[in-house]
**Q** 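Dropping the structure in here first, questions after.
Values in this document were obtained by computation on a predicted structure and should not be read as measured data.
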Amino acid sequence: MIVNVGGLNIVLQAYKETGTIEKIVYTSSFFALGPTDGYVADETQTHSGKFFCTEYEKSKAVADKVALDSASEGIPIVPVYPGVIYGPGKVTTGNVVARMIIERFNWRLPGYIGQANVKFSFSHVDDVVDGHIAAMDKGKLGERYLLTGENASFREVFDIAAMISQTKRPLFGIPLLIIEAYGWISVLFSKLTGKLPLIGLPTVCVLRHQWAYSCDKAKAELDYHPRSLKEGLSQGASLVEELGID
């Protein structure tokens, strides 16, 4: 909360003090808009605030309200909302797609996670970068833009990765109750080892909901054209070589 809300407030205060800033592109998150169970949302959606799966989600929703209130007061801010970001780079907690694919191919994650009909909006990191640049150049003050991409389930992500790497697809789906139990074990293990868990309890809550969005507005106004998951996962070196899978 301190970073996401406090950091934005510091930027807004700097704007007021300098008087020379023409435009602020504020990076929010799809979490700020809330889940989309049963439908695909666009920029008109705001978080209901009825529940939050993670503290990160809550902080992004609170910061989003600050950004929108600032826009209504005339501050030249353009909020953008990336989806689940994936792509080349270090395998950190933020690069959850890469982490899960590595676990999948090393058989530490033997089956599909999530529900087959529950989709997430995946954004390649290079598309998100291009979207930010376009928002600075073309974004309309006070307008929100979803820098999301293909809406797909983690089951589809694993299937695409298997096709690219010419390996077998997982044979079964892991029930959320088992993933939740694994989450409890991971939390305990992380306390003993100091390593961050692959799947924590908040992640299980996220997996119970859909987070699917339309980026049609960004396509129309920012000339934003996100790549497909197949293209994004297969670019550069082969997936196996890129992720260092044994």
Side-chain angles (χ1 to χ4, degrees), residues 29-31 53-54 56-57 82-130 147-183 185-187 189-190 193 195-213 215 226-246:
S29 165
F30 67 95
F31 279 124
C53 291
T54 66
Y56 176 80
E57 178 190 351
V84 180
I85 298 177
Y86 72 99
K90 292 183 178 180
V91 183
T92 64
T93 53
N95 200 349
V96 64
V97 177
R99 292 182 72 215
M100 288 188 175
I101 290 177
I102 288 174
E103 295 300 299
R104 153 77 185 92
F105 282 103
N106 283 316
W107 297 102
R108 291 189 291 265
L109 191 61
Y112 295 109
I113 64 167
Q115 303 173 75
N117 61 338
V118 172
K119 297 181 181 294
F120 292 74
S121 198
F122 293 92
S123 305
H124 192 280
V125 62
D126 291 343
D127 293 332
V128 174
V129 171
D130 291 342
L147 301 182
T148 51
E150 183 175 347
N151 293 313
S153 67
F154 273 100
R155 177 184 294 266
E156 292 171 296
V157 172
F158 283 5
D159 284 348
I160 293 171
M163 178 189 66
I164 294 170
S165 59
Q166 297 182 340
T167 57
K168 292 182 179 180
R169 298 178 180 181
L171 299 177
F172 59 90
I174 305 174
L176 285 177
L177 287 177
I178 293 179
I179 295 177
E180 185 172 7
Y182 175 79
I185 296 172
S186 296
V187 170
F189 184 74
S190 69
T193 63
K195 296 181 179 180
L196 291 174
L198 172 65
I199 299 177
L201 296 177
T203 303
V204 179
C205 180
V206 171
L207 290 172
R208 293 186 186 278
H209 298 279
Q210 176 162 283
W211 311 81
Y213 308 90
C215 58
R227 68 203 70 192
S228 68
L229 266 170
K230 181 179 178 181
E231 180 183 357
L233 290 175
S234 61
Q235 280 183 329
S238 71
L239 186 66
V240 173
E241 293 176 348
E242 182 177 336
L243 298 181
I245 299 168
D246 297 330

**Q** To the nearest 0.5 Å, tell me how far I113 CD1 sits from F158 CZ.
**A** 5.0 Å
**Q** Looking at E156 and K119, does any basic side-chain N land under 4.0 Å from a carboxylate oxygen?
**A** yes
**Q** Return the CZ to CD distance between F30 and E57, rounded to the nearest 0.5 Å.
**A** 8.5 Å
**Q** What is the distance from atom OG of S228 to atom CD1 of I160, rounded to the nearest 0.5 Å?
**A** 7.5 Å
**Q** Nearest 0.5 Å, please: how far is CZ in F31 from SG in C53?
**A** 7.5 Å
**Q** Identify the two heavy atoms, one from G83 and one from S123, that lie closest to each other, and give their separation to 0.1 Å.
**A** N-OG, 3.0 Å
**Q** Would a 4.5 Å heavy-atom cut-off, applied to side chains only, mark C215 and T148 as touching?
**A** yes
**Q** Can you list the steps and then say if V206 with F120 is a side chain to side chain contact (heavy atoms under 4.5 Å, CB included)?
**A** CA-CA 10 Å; V206 171; F120 292 74; 3.7 Å; yes
**Q** Indicate yes or no: at least one non-hydrogen side-chain atom of P88 is less than 4.5 angstrom from one of H124.
**A** yes
**Q** Is there a side-chain contact between I101 and Y86, using heavy atoms and a 4.5 Å cut-off?
**A** no
**Q** Please round to the nearest 0.5 Å and tell me the distance separating atom OH of Y112 and atom CZ of R169.
**A** 6.0 Å
**Q** So, do Q115 and H209 sit near enough that their side-chain heavy atoms are less than 4.5 Å apart?
**A** no
**Q** Distance-only, no hydrogens or angles: does the S121 side chain make a donor-acceptor pair with backbone N or O of G149 under 3.5 Å?
**A** yes
**Q** A side-chain contact here means heavy atoms from C-beta on lying under 4.5 Å apart; do V118 and L207 qualify?
**A** no
**Q** How would you list, by chain and number, every residue that makes a side-chain hydrogen bond (donor to acceptor under 3.5 Å, both in side chains) with R227, sequence neighbours excluded?
**A** D127, Q235
**Q** Quick check: do P110 and F172 have side-chain heavy atoms less than 4.5 Å from each other?
**A** yes
**Q** Tell me if the aromatic rings of F154 and F122 count as close, with their centers under 6.0 Å from one another.
**A** yes
**Q** I want to check something: taking the side chain as every heavy atom from C-beta on, are T203 and I179 in contact at a cut-off of under 4.5 Å?
**A** no
**Q** Mind checking the CZ-CG spacing from R155 to N117? Nearest 0.5 Å is all I need.
**A** 9.5 Å
**Q** Looking only at heavy atoms, which two atoms of L176 and V204 are closest? And how far apart?
**A** O-CG1, 4.2 Å
